[in-house]
Protein chains: 2
Amino acid sequence: MAGQKKDGKAAPDKTLWERLEQPAAPRASLSLERIGAVAVQVADAEGFAAVTMRRLATELGVAPMAAYRHVSGKDDLWALMAERVAAEYRIPDELTEWREVLHAYALLTRELMLRHPWVGELPTALFVLTPGRMAIAERQLAALDGLGLDEDTMMVAFRTVSAYAHGAVSSEVAVREWTQSEGWSSGAETRMGLAPQMTYLMDSGRYPTYRRYGLRSRRKDDATWMFETGLECVLDGIAARLGI
Amino acid sequence: MAGQKKDGKAAPDKTLWERLEQPAAPRASLSLERIGAVAVQVADAEGFAAVTMRRLATELGVAPMAAYRHVSGKDDLWALMAERVAAEYRIPDELTEWREVLHAYALLTRELMLRHPWVGELPTALFVLTPGRMAIAERQLAALDGLGLDEDTMMVAFRTVSAYAHGAVSSEVAVREWTQSEGWSSGAETRMGLAPQMTYLMDSGRYPTYRRYGLRSRRKDDATWMFETGLECVLDGIAARLGI
DNA sequence: ATCTGGCTGCGTACAACGTACACAGGTAAT
DNA sequence: ATTACCTGTGTACGTTGTACGCAGCCAGAT
């Protein structure tokens, strides 16, 4: 009735996370570990869109349908990929001050998302509910613990930094990928390539302030400075408003 | 040589944005306007994935390939969709204080992304480079103008708020869509449905602070409060650090 | 009137995708 | 030796994006 037997697919009774932790089956050439690793590898090398079940299969030296014994489909696959990235977070144990921890978290987020530019294309829900994400949240909440904040406020602090980091980096990555795809390698080159369309828009006179910014800003292309300055604002605000 | 003639596709010489502003061709049953409108409609009603070229065609009462005369493919289509949402931003002219403007922008972002939950699935580059987005940026930069900030700092202020808003709402939407897809309608119901997997993770003892948070937090499910509190932090931080 | 050229929409066609389903080979328990 | 399960295979279907050539139509030139 409830528990289907017979020729089901990827062992249904257990969560993906349980199966992931369990030691790989003895006489199996595939494992969640290996599948996830290859998926990340392909995405890093050729972009998120290159991660297809068939591509994975050839990369794993296996028939197209083989992976389905281990993952339910692309959903599981994405979850594995998200989990692998989450596992790369390494916030040093020495850091104890809440601000240091949140700061390190944000910089790490940027680093990882630049290293794995496809992360922004994953379904966003995967940034909340996997064990790896929960471990990261745990680390941050622990750093905010004992400061006299109530639980709601702690959660706001932690989520605010996450939201900023994720939002900022995903737009940075998008712009970077786009300019790369157009073959522009510097800010100057980009502006050159963009000039024709830009002229049309700018000459409309609709964006005077934006235009002045474009002419006068010097750090426009310094993504690191932009990100870190914004981050300091966010952390200042948390400190000020929450009185910590 | 350069300018291809013959049976090309969607009028190549002009930008999508130029063509969008141009009055619709006289004897054409399709127009960029109409295509964009229908795409948004379908996405609102049935999700981003339901927006396929074929679905659009039937919705427009036209053959599958017809739309390709107007848009180059899905890229253009997504751009049209992004632009339509951008056009829904209405920051009242009465607002002049930078903080009011940025605050209104953030709340509007949340409102629009909740109304069009598929926005988070659009390629992120579309949040930067369309005329509508530039108009929004212009409005914000104008509000930050004349406060004695240099252009770099103005840009940081504006981008920080955008990053927070976008990041916060996209995770809110993701969670909301996911719980809806599981058929849970309240926070309590969600926790109930999640219990089996949650138990596995929580019982591992790896997330003590997280667990305590889960037990004690009262506003956990109040997304509005979470968003607005975080936003106030961000705005406070900008005000403090930038001295405005 | 007739011709001509450019739009606009149509029809066909193809390669790639996700994945359902039935099966085969091997190992382990009986 | 039989059984049952587990893992990987082969085939097949429906859906997608979109390339390509054609057909009708209107405008202006002849």
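Lettering of chains follows the sequences in order, A, B, ..., and the numbering in each one begins at 1.
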### Query
A:Ala66 near the nucleic acid: base, sugar-phosphate alone, or nothing, with a heavy-atom cut-off under 4.0 Å?
base
Round to a whole Å and report the spacing from [atom1] of [X] to [atom2] of [N].
X	N	atom1	atom2	result
B:Arg69	D:dG24	CZ	P	15 Å
A:Lys14	D:dC6	NZ	C1'	15 Å
B:Leu30	C:dT8	CG	P	10 Å
A:Asp75	C:dT19	CG	P	7 Å
A:Leu60	D:dT7	CG	P	15 Å
B:Arg34	C:dT8	CZ	P	14 Å
A:Tyr68	D:dT7	OH	C1'	16 Å

### Task
Please work out whether the ring planes of B:Trp184 and B:Trp178 are parallel, tilted or perpendicular, with thresholds of 30° and 60°.
perpendicular
### Parallel, tilted or perpendicular, as decided by the 30° and 60° cut-offs, for the rings of A:Phe127 and A:His166
perpendicular
Can you name the closest pair of heavy atoms from [X] and [Y] and give their distance?
X	Y	value
A:Glu138	B:Pro208	OE2-CD, 3.1 Å
A:Tyr68	A:Gly73	CE2-CA, 3.8 Å
B:Gly230	B:Tyr164	CA-OH, 3.3 Å

### Query
With a 4.0 Å cut-off, would you call A:Glu182 and A:Arg176 a salt bridge?
no
### Query
Base, backbone or nothing for each nucleotide of nucleotides 11-16 of chain D, written B, S, -, heavy atoms under 4.0 angstrom, 5' to 3'?
BB---B
### Query
Is the shortest side-chain N/O distance from B:Ser29 to OP1 or OP2 of C:dG9 below 4.0 Å?
yes
### Query
Between A:His70 and D:dG8, does any side-chain N or O lie under 4.0 Å from OP1 or OP2?
yes
